[in-house]
Amino acid sequence: MRLLSPQLGEGFLFNSNKYPEAPKKAAFASLNYPKEDMMAENEKYEESKLYRVRHSAAHVMAQAVLEKFPKGKVAIGPPIEDGFYYDFDLPRPLTPEDLEEIEARMREIIKNDSPFVREEVSADQAREIFADQPYKLELIDGLEKGGEDEHGNPTDEAQIITIYKDDQFVDLCRGPHVESTGKINPKAIKLMNVAGAYWRGDEKKPMLQRIYGTAWLTPQDLKQYLWRLEEAKKRDHRKLGRELDLFSISDEVGAGLILWHPKGAMVRHIAERFWEDEHLAHGYDFVYTPHIGKAQLWETSGHLGFYAENMYSPIEIDNQKYYLKPMNCPFHIEIYKSDIRSYRDLPLRYAEKGTVYRYERSGVMHGLMRVRGFTQDDAHHFCAPSQMPAEIDFVLSFSLHILRSFGFQEIKAYLSTRPEKSVGDPKQWEDAEEALEAALKRSGLPYDVDEGGGAFYGPKIDLKIKDALGREWQLSTIQFDFNEPERFDMTYIDEDGQPHRPYMIHRALMGSIERFFGILIEHYGGAFPVWLSPVQVKIIPIADRHNDFAFEVADELKKAGLRAEVDDRSDRMNAKIRDAEKAKVPYMLIVGDREMEEKQIDVRRRSRERLGAMDVAAFKALALEDVANKVEG
RNA sequence: GCCAACGUAGCUCAGCGGUAGAGCAGACGCUUCGUAAGCGCCAGGUCGAGGGUUCAAAUCCCUCCGUUGGCUCCA
């Protein structure tokens with residue numbers, strides 16, 4: 001179905017199923033549009049009018065809330081992506097009705113068109129103004145002390161304390177704001193929901209009530225944003241997972257544990273088969289390792305020291321404690337250590353789709369995206385230091401090849417460097433970081449550097465993709481490890497006949513296969529590319545007398561490796577087409593009297609495009625070409 | 001784990017103190033049909049679990065489990 005997004009006008013047609021003839025870029029742009037279109041090119045969000053509008057809307061909302069709850073305490077209220085929020089400490093939980101009331105009051109305040117007035121004050125003046133606002137007082141202390149901004153984050157500069165007044169409200173705030181409340185378009189704001197949030201994000205501190213709102217420059221923009229939310233809801237992998245019968249999660253089995261249904265398992269199987277072929281073609285060896293390992297192993301690896309809170313309780317077997325594995329690396333290392341390694345053996349690349357179990361707190365599970373048991377497409381590279389730059393180059397380009405094959409074209413890299421606390425020789429760190437950055441430069445990928453953002457055991461590159469809705473997801477990670485080779489005393493014998501320490505790289509491309517599947521579902525809205533579709537062809541006989549011929553066609557297609565099914569129910573053709581469309585089967589082949597007569601089939605795509613009658617051989621060639629080229633039809 | 005909302009048929013939802021309802025899906029029967037829903041009939045629920053209030057609880061209260069939106073954490 002073609003959806004016309006509201007208020008978009010020419011050039012912003014969005015096709016809900018992302019069919020091949022749909023202009024892909026336009027589809028992306030329409031979903032993606034907000035920041036890009038709302039702001040002048042290269043303008044920073046923080047300096048945009050939109051940012052000021054949202055910040056100002058937060059103040060207006062705070063006033064409305066305080067009017068309703070005069071004893072309420074306010075915390076902070078910044079603009080965020082797509083809107084703003086404000087945290088409150090209130091005598092009772094807010095209800096949806098409260099939000100409506102607050103929103104209505106906001107519109108009145110906006111109508112007053114009262115100016116935002118900035119004032120610089122001393123810390124003591126500020127304390128007087130906010131005498132009954134404990135959270136503000138805490139912020140003022142931080143500002144006065146310096147080294148902390150209004151969010152409590154460290155800063156270099158001493159802070160000037162400023163307040164902003166508008167209408168009946170005054171807030172401790174750095175600004176900036178719009179000139180007056182009237183600059184906020186009352187028809188372009190909406191309060192979205194209430195959620196709990198810890199004061200300063202610290203779970204030991206009080207839980208506040210956070211009201212999320214959205215604000216835009218025009219009502220059209222708001223409408224567009226709400227439409228985008230709707231679209232995301234339609235593509236929600238949990239909803240599609242049920243509708244397309246891909247997977248489920250059973251209370252009986254347990255939260256965060258995924259059951260892959262035949263259709264979902266087929267997609268996974270195809271994806272894994274591709275993954276396997278590519279790995280074998282690129283110098284990897286496959287390994288298989290068990291799900292549990294002795295406590296001593298996890299002591300040696302350090303997991304019981306630094307990862308214990310994510311691990312499940314031990315299982316006791318013959319007076320020995322065993323742990324369910326949260327990672328695969330110790331096993332791969334043991335395989336490495338099972339023999340003496342020569343520099344001639346290196347690099348070694350051990351790959352395994354290893355299923356790991358990690359404890360997740362009960363409130364954080366989310367469909368396939370956040371689970372307690374998942375399979376990593378893991379691999380560990382072991383190489384001599386001299387081989388390291390080439391190895392990085394290889395693994396980065398291999399990662400990109402895999403991601404692009406699944407239809408993710410927009411990829412961004414994040415390089416994380418040495419944190420303050422780290423293990424390993426600084427020279428090694430430098431070499432590794434240099435190699436990572438050089439490889440990034442050669443790849444031509446856009447990348448950001450997160451100084452000090454690496455793990456204590458090594459620097460890393462993370463790859464994030466943008467999906468069809470413009471949302472970023474981290475998939476791949478390529479991590480150096482200076483820790484485990486040391487802990488396990490890994491060595492190889494170099495040309496000099498002496499043992500040397502190898503370099504070790506962990507990498508996962510899809511990351512978690514469960515999560516990757518979830519992202520694929522949402523990216524494609526359930527309409528997988530032909531090569532991944534669990535059912536690629538549905539053959540639809542018009543009447544019972546066409547069934548035999550339909551099965552003949554199916555057999556021929558199956559022999560060619562295509563996944564074809566016949567819908568031989570006694571329903572009308574229209575109903576069969578509808579069901580096949582809903583199942584997002586890429587091709588429907590209609591067979592009736594005419595086709596049987598001519599030994600042909602009538603081809604229809606899920607995009608509703610009709611390719612017309614053709615020979616089975618012609619269709620087979622066409623479909624196989626789509627599979628080979630991984631087209632998204 | 002924390003805050004809030006929500007758990008009624010396989011799915012989506014109505015009912016919100018007086019003996020459980022719809023649509024879709026399913027079974028069966030009729031229909032054999034040209035590019036997104038043919039018709040009829042049947043079956044299906046200890047209303048998430050446990051406790052309490054009441055003459056009476058899906059409905060009100062408490063506890064637990066789960067889900068959703070956030071917080072924190074993270075693949």
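Just so we're on the same page: letters track the sequence lines, and every chain starts at 1.
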By salt bridge (charged side-chain N to carboxylate O under 4.0 Å, His left out) - contacts of A/D626 (at least two apart): A/R605

5'-most by nearest nucleotide on RNA chain B - A/G363 or A/F374: A/G363

Sugar-phosphate, base or nothing in reach of A/R594, heavy atoms under 4.0 Å: base

Could you go over nucleotides 3-8 of chain B and give all protein N or O partners under 3.5 Å, atom names and distances?
from  : atom 1 : to     : atom 2 : distance (Å)
B/rC3 : O2     : A/G196 : N      : 3.2

Distance, rounded to the nearest Å, where A/I258 contributes CD1 and B/rA75 contributes P: 17 Å

Touch class at under 4.0 angstrom, heavy-atom based, for A/R610 against every strand present: base

A/R608 side chain near B/rA36 phosphate (N/O to OP1/OP2, under 4.0 Å): yes

Cation-aromatic face contact A/K73/A/F88, 6.0 Å, 45 degrees: no

Any A/Y357 side-chain N or O less than 4.0 Å from OP1/OP2 of B/rA75: no

Residues A/R361, A/E203: salt bridge by 4.0 Å N-O rule: yes

From B/rG34, B/rC73, B/rA36, nucleotide with atom closest to A/I542 side chain: B/rG34

Euclidean distance, atom CG of residue A/D579 to atom C1' of B/rG26 [Å, nearest integer]: 13 Å

Touch class at under 4.0 angstrom, heavy-atom based, for A/E595 against every strand present: base

Sugar-phosphate only, base, or nothing, as touched by A/N310 at under 4.0 Å among non-hydrogen atoms: nothing

Atom C1', compared across B/rG1 and B/rC60: separation rounded to whole Å: 29 Å

Touch class at under 4.0 angstrom, heavy-atom based, for A/V356 against every strand present: nothing

Using nucleotides 43-50 of chain B, report all nitrogen or oxygen pairs with the protein that are shorter than 3.5 Å.
none

Rounded distance in Å - NZ (A/K239) to P (B/rG10): 19 Å

A/I461 CD1 - B/rA75 P separation (whole Å): 16 Å

Residue A/R572, side-chain heavy atoms: nucleotide from B/rA75, B/rC73, B/rC33 that is nearest: B/rC33

Sugar-phosphate, base or nothing in reach of A/F516, heavy atoms under 4.0 Å: nothing

Residues that A/E451 engages under side-chain contact (heavy atoms from CB on, under 4.5 Å), provided they are two or more places apart: A/T417, A/V449

Salt bridge present between A/E243 and A/K234 (N-O < 4.0 angstrom): no

Closest-nucleotide ordering on RNA chain B, the 5'-leading residue of A/R604 and A/R515: A/R604

Ring centers of A/F619, A/Y587 separated by less than 6.0 Å: yes

Sugar-phosphate, base or nothing in reach of A/N193, heavy atoms under 4.0 Å: sugar-phosphate

Candidate nucleotides B/rC71, B/rA36, B/rG34, ranked by approach to the side chain of A/Y198 - the nearest: B/rC71

Spacing of the C1' atoms in B/rC55 and B/rU19 (rounded, Å): 14 Å

Sugar-phosphate, base or nothing in reach of A/Y359, heavy atoms under 4.0 Å: sugar-phosphate

Validation row, ring centre A/F331 to ring centre A/W298 under 6.0 Å: yes

Of the listed nucleotides B/rU35, B/rG69, B/rA75, the one nearest the side chain of A/R238: B/rG69

Residues, nucleotides or ligands: over 12 heavy atoms within 6.0 Å of A/D615 CG: yes

Shortest side-chain distance from A/E581, nucleotide among B/rA36, B/rG1, B/rG34: B/rA36

Under the ring-ring contact (aromatic ring centres under 6.0 Å, His included) test, residues paired with A/Y135 that sit two or more places apart: A/W199

side-chain N/O A/S570 vs B/rU32 OP1/OP2, d < 4.0 Å: no

For atom CG of A/D377 and atom P of B/rA75, their distance in whole Å: 14 Å

Gap between atoms CZ and P, on A/R569 and B/rC28 respectively (whole Å): 13 Å

Any A/H366 side-chain N or O less than 4.0 Å from OP1/OP2 of B/rG69: yes

Residues forming a side-chain contact (heavy atoms from CB on, under 4.5 Å) with A/Y350, sequence neighbours excluded: A/D285, A/V287, A/H332, A/I335, A/Y336, A/R341, A/L348, A/F382

Cationic N near anionic O, under 4.0 Å, A/D378 to A/R507: no

Touch class at under 4.0 angstrom, heavy-atom based, for A/D593 against every strand present: base

